[in-house]
Amino acid sequence: MQYQWYPGHMTKAKRQMQEDIKLADLVIELVDARIPVSSHNPDIDEMGKNKSRLVLLNKADLADEAANRAWCQYYKDQGMFAVKLDARNRSGIKEVQGVIQEACKDKIERNRRRGILNRPVRAMVAGIPNVGKSTFINSFAGKACTKTGNKPGVTKGKQWIRLNKNAELLDTPGILWPKFEDEITGLHLALIGSMKDENLNMDEMAMELIGVITEKYQGLLAERYQLDESLERSVVLEQLAQNRNCLKKGGGLDYTKAASLLIDDFRSGKIGRITIELPG
């Protein structure tokens, strides 16, 4: 299945970001801790190549903790700053302010030498749709500064937010890039909800997810759904439909309902803490 989604407003948003980034001292990119590679927009590397960089591994509470630590070390080795984050529950939020100041200390010192004091660090917050940018900003500011939603494409306009005397944030619309490098990237993005489910084949996605989980976290599906995960993926999905009573009106098994249940359980962390992509 092809996974592509690039609405027209994203082309406009990218052009706007290219202009706005000139005003920023720091680029804060949120990635999904479960898929840091697939949820990283390569366009941001080009746009922010001369800026300080901070990566926030959001939804770290849903990801494997050992993998979270490995990713933080990976970004450090790349010369970037990184913080594990659960923006919904404000876990990791306090650490971010200190890291912002650390990431921009050279800029702050240059300003001080020029007699410019107490100029707030300007940080652009970027990331793909549904990765939690607005939730992060609201949690960081301690109030509802931006409109949030659990569907891609909620944030569309530009807004600078003065947090305190030390920092200003620019929230930006979530943007994907026009063409994914490979089908795996698209699949991973679809699994975490960065594309609209109604445009996707949930049955195929669920079988791909079954393959990923049984390979990396053997036993998790068997434990949660009381099924034999060593069987063919389609049979595993059939067992899940039977065990969770996913039925059509006529009484037959509803595979799409079972697929949606599995994907929703993965997204919410009910299956367990799962990281699909590891550094290496």
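All residue numbers refer to positions in the sequence shown, counting from 1.
No more than 12 heavy atoms of other residues, nucleotides or ligands shown are found within 6.0 angstrom of CD on Q218. Counting heavy-atom neighbours within 6.0 Å of Q226 CD, excluding the residue itself, gives a total above 12.
The shortest heavy-atom contact between A126 and I44 is CB-CD1, 3.7 Å. Shortest non-hydrogen contact noted between A63 and A33 is CB-CB, 3.8 Å. The two residues L26 and C104 make their nearest non-hydrogen contact at CB-SG, 3.6 Å. Shortest non-hydrogen contact noted between R34 and L62 is NH1-CD1, 3.7 Å. The two atoms that bring R90 and F140 nearest to each other are NH2-O, 4.3 Å, heavy atoms only. When all heavy atoms of I271 and L220 are compared, the closest pair comes out as O-CD2, 3.6 Å.
Residues D25 and K51 are not paired through a salt bridge, judged by the lack of any N-O separation under 4.0 Å between the basic side chain and the carboxylate. Ion pairing between E109 and R113 holds under the 4.0 Å rule for side-chain N and carboxylate O. Ionic pairing of K84 and E95 is not present here: no N-O contact between side-chain nitrogen and carboxylate oxygen is shorter than 4.0 angstrom.
For the salt bridge (charged side-chain N to carboxylate O under 4.0 Å, His left out) test, no residue two or more places apart in sequence or in another chain qualifies with K249. Residues forming a salt bridge (charged side-chain N to carboxylate O under 4.0 Å, His left out) with R267 (at least two apart in sequence, or on another chain): D197. A search for salt bridge (charged side-chain N to carboxylate O under 4.0 Å, His left out) contacts involving E168 returns R122, R162, not counting sequence neighbours. Take Y217 and apply the side-chain hydrogen bond (donor to acceptor under 3.5 Å, both in side chains) test, not counting sequence neighbours, and it matches D64. With sequence neighbours left out, the salt bridge (charged side-chain N to carboxylate O under 4.0 Å, His left out) criterion links K270 to no other residue. Taking D77 as the reference, Q73 meet the side chain to side chain contact (heavy atoms under 4.5 Å, CB included) condition, with sequence neighbours excluded.
Exactly one residue among V83, V31, L85 makes a side-chain contact (heavy atoms from CB on, under 4.5 Å) with V55. That residue is V31. No option in V212, I184, I213 other than V212 meets the side-chain contact (heavy atoms from CB on, under 4.5 Å) test with I276. Applying side-chain contact (heavy atoms from CB on, under 4.5 Å) to T256 and the options L237, D203, N201 leaves one that passes, D203.
The OH atom of Y75 sits 10.5 Å away from atom CG of L56, with the distance rounded to the nearest 0.5 Å. Separation of atoms CE (M207) and OH (Y255) is listed at 10.0 Å; rounding is to 0.5 Å. We find the CD1-CD distance between I21 and E46 to be 10.0 Å, quoted to the nearest 0.5 Å. L189 CG to L200 CG: the interatomic distance, rounded to the nearest 0.5 Å, is 10.5 Å. In this structure, D228 CG and T214 OG1 are separated by 11.0 Å, a value rounded to the nearest 0.5 Å. The distance from the OG1 atom of T275 to the CD1 atom of I35 is 10.5 Å, given to the nearest 0.5 Å.
Using a distance-only test at 3.5 Å, with no hydrogens or angles considered, a donor-acceptor pair links the side chain of N68 to the main chain of A60. Judged by distance alone, the side chain of R233 and the main-chain N or O of E208 form no donor-acceptor pair under 3.5 Å. Put simply, the side chain of D32 never gets that close to the backbone of K59: no donor and acceptor are under 3.5 Å apart.
Side-chain contact between L54 and V96 is present, with at least one heavy-atom pair separated by less than 4.5 Å. Side-chain contact check for E29 versus M124: every heavy-atom pair is 4.5 Å or farther apart. For the pair E229/I210, no side-chain contact is recorded, criterion being any heavy-atom separation below 4.5 Å from C-beta on. No side-chain heavy atom of V121 sits under 4.5 Å from any side-chain heavy atom of N166. Between Q18 and D43, the closest side-chain pair of non-hydrogen atoms is not below 4.5 Å. Side-chain contact check for Q239 versus Y225: every heavy-atom pair is 4.5 Å or farther apart. You'll find the side chain of E277 reaches within 4.5 Å of the side chain of S38, heavy atoms only. Between L253 and C246, every side-chain heavy-atom pair lies at or beyond the 4.5 Å cut-off.
Between Y74 and W71, the two ring planes are perpendicular [angle over 60°; tilted spans 30° to 60°].
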Exercise for the section: Report the C-alpha distance between N58 and F136 in whole Å, list the side-chain angles of each, state the deciding distance to 0.1 Å, and finish with yes or no for side-chain contact (heavy atoms from CB on, under 4.5 Å). Expected result: CA-CA 9 Å; N58 197 28; F136 158 67; 5.7 Å; no

Exercise for the section: Assess whether side-chain contact (heavy atoms from CB on, under 4.5 Å) is satisfied between L23 and L170, documenting all intermediate values. Expected result: CA-CA 10 Å; L23 305 172; L170 175 63; over 6 Å; no

Practice task
Please lay out, stage by stage, how K216 and I274 fare under the test side-chain contact (heavy atoms from CB on, under 4.5 Å).
Solution key: CA-CA 9 Å; K216 298 179 183 295; I274 295 170; over 6 Å; no

Exercise for the section: Decide salt bridge (charged side-chain N to carboxylate O under 4.0 Å, His left out) for R224 and D265; before the verdict, give the C-alpha distance in whole Å, the side-chain angles of both, and the deciding distance to 0.1 Å. Expected result: CA-CA 10 Å; R224 177 162 179 81; D265 281 358; 3.3 Å; yes

Exercise for the section: Just do the side-chain contact (heavy atoms from CB on, under 4.5 Å) check on R114 and N111 with the steps written out, would you? Expected result: CA-CA 5 Å; R114 292 162 57 194; N111 284 341; 3.8 Å; yes

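Between the side chains of N130 and S194, no donor N or O sits under 3.5 Å from an acceptor N or O. Between the side chains of H40 and D45, at least one donor N or O lies within less than 3.5 Å of an accepting N or O. If you check the side chains of N89 and S91, you find no donor sitting under 3.5 Å from an acceptor.
Under a hydrophobic-cluster definition in which Ile, Leu, Val, Met, Phe, Trp and Tyr are linked whenever side-chain heavy atoms come within less than 4.5 Å, directly or via other members, I192 and L278 are assigned to different clusters.
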